[in-house]
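Shown next, in structure tokens, is the structure this report addresses.
Note that the structure is a prediction, hence the values are computed from the model and not measured.
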Amino acid sequence: MTTRELLQMPDSEYMNEAQLAYFRAELQKMRAEIINDIRITTDHLRETPRAADELDRAAREEEQSLEIRLREREATLLRKIDQAMKRIQDGTYGYCDMTGEPIGLRRLLARPTATLSIEAKQQAETRERSYRSP
């Protein structure tokens with residue numbers, strides 16, 4: 001199924017088997033890419049020779065630190081992907097955690113791990129900002 005075919009389906013068919021299969025495949029693809037990236041980084045960090053020069057060593061340590069932070073973000077995304085896969089299995093995928101309303105295909109295409117509709121996400125962000133404001 002293509003993205004275009006997905007978007008052309010009537011609203012009455014929201015989260016039918018074809019749509020769930022589409023998002024399951026997308027999530028599996030994202031998961032495989034992240035796992036591959038983590039393996040590459042792990043191998044890269046193991047193979048890195050020690051630099052004799054302090055500036056080279058400092059530059060390399062900074063580069064490694066950035067790689068590790070990126071992989072930590074990807075690990076967080078991996079957990080969200082696994083949660084989305086569980087929601088597909090239990091029949092709650094595509095529905096807002098706050099309101100129970102459909103999240104919408106366009107939002108899920110942009111962010112397959114979304115758990116909130118755009119409106120609910122905006123409300124949550126507004127509340128979060130109000131807590132941080134002095």
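Other residues, nucleotides and ligands place no more than 12 heavy atoms under 6.0 Å from the CD atom of Glu17. Other residues, nucleotides and ligands contribute more than 12 heavy atoms inside 6.0 Å of the CG atom of Asn36.
For Ser12, the side chain to side chain donor-acceptor pair (under 3.5 Å) criterion is met by no residue, not counting sequence neighbours. Annotation: salt bridge (charged side-chain N to carboxylate O under 4.0 Å, His left out) contacts of Asp82 (sequence neighbours excluded): Arg31. For Glu26, there are no salt bridge (charged side-chain N to carboxylate O under 4.0 Å, His left out) partners at least two apart in sequence or on another chain. Remark: Glu119 engages Ser117 in a side-chain contact (heavy atoms from CB on, under 4.5 Å) (not counting sequence neighbours). For Glu101, the side-chain contact (heavy atoms from CB on, under 4.5 Å) partners two or more places apart in sequence, or in a different chain, are Thr99. With sequence neighbours left out, the side-chain contact (heavy atoms from CB on, under 4.5 Å) criterion links Glu33 to Lys29. Taking Leu66 as the reference, Glu62, Arg69 meet the side-chain contact (heavy atoms from CB on, under 4.5 Å) condition, with sequence neighbours excluded. The salt bridge (charged side-chain N to carboxylate O under 4.0 Å, His left out) test applied to Arg106 returns no partner, not counting sequence neighbours. Arg107 is linked by a salt bridge (charged side-chain N to carboxylate O under 4.0 Å, His left out) to nothing, counting only residues two or more places apart in sequence or in another chain.
Counting all heavy atoms, side chain and backbone alike, Leu27 lies closest to Pro112 at CD2-CB, 3.8 Å. Contact detail for Met1 and Ala18: the closest heavy-atom pair is CE-CB, 3.4 Å. Shortest non-hydrogen contact noted between Ala84 and Thr113 is CB-CA, 4.4 Å. The shortest heavy-atom contact between Met98 and Arg127 is CE-NH2, 3.6 Å.
Note that CG of Leu78 and NZ of Lys80 are 12.0 Å apart. Values are rounded to the nearest 0.5 Å. Taking CD of Gln123 as the start and CG of Leu116 as the end, the distance is 9.5 Å to the nearest 0.5 Å. One finds the CD1 atom of Ile38 at 6.0 Å from the CD atom of Glu74 (value rounded to the nearest 0.5 Å).
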(request) Would you sort out whether Thr76 and Arg79 count as a side-chain hydrogen bond (donor to acceptor under 3.5 Å, both in side chains), showing the intermediate values? (result) CA-CA 5 Å; Thr76 299; Arg79 284 189 294 278; 3.1 Å; yes
(request) Kindly determine whether Tyr22 and Thr2 satisfy side-chain hydrogen bond (donor to acceptor under 3.5 Å, both in side chains), including the steps that lead there. (result) CA-CA 8 Å; Tyr22 178 91; Thr2 66; over 6 Å; no
(message) Is there a side-chain contact (heavy atoms from CB on, under 4.5 Å) between Leu20 and Asn16? Walk through the geometry before answering.
(response) CA-CA 6 Å; Leu20 290 172; Asn16 63 28; over 6 Å; no
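Pairs passing the ring pair (Phe, Tyr, Trp, His ring centres under 6.0 Å) check and including a residue from residues 62-85, sequence neighbours excluded, do not occur. Each ring pair (Phe, Tyr, Trp, His ring centres under 6.0 Å) pair with one or both residues in residues 97-118, not counting sequence neighbours, would appear here, but there are none. For residues 71-115, the set of pairs meeting the ring pair (Phe, Tyr, Trp, His ring centres under 6.0 Å) definition, not counting sequence neighbours, comprises Tyr14-Tyr95, Phe23-Tyr93.
Each of Leu70 and Ile81 belongs to its own hydrophobic cluster when Ile, Leu, Val, Met, Phe, Trp and Tyr are linked at side-chain heavy-atom distances under 4.5 angstrom. No continuous path of ILVMFWY side-chain contacts below 4.5 Å connects Ile40 to Leu77, so the two sit in separate hydrophobic clusters. Clustering ILVMFWY residues whenever any of their side-chain heavy atoms sit less than 4.5 angstrom apart, transitively, puts Met85 in the very cluster that holds Ile103.
For the pair Thr3/Leu105, no side-chain contact is recorded, criterion being any heavy-atom separation below 4.5 Å from C-beta on.
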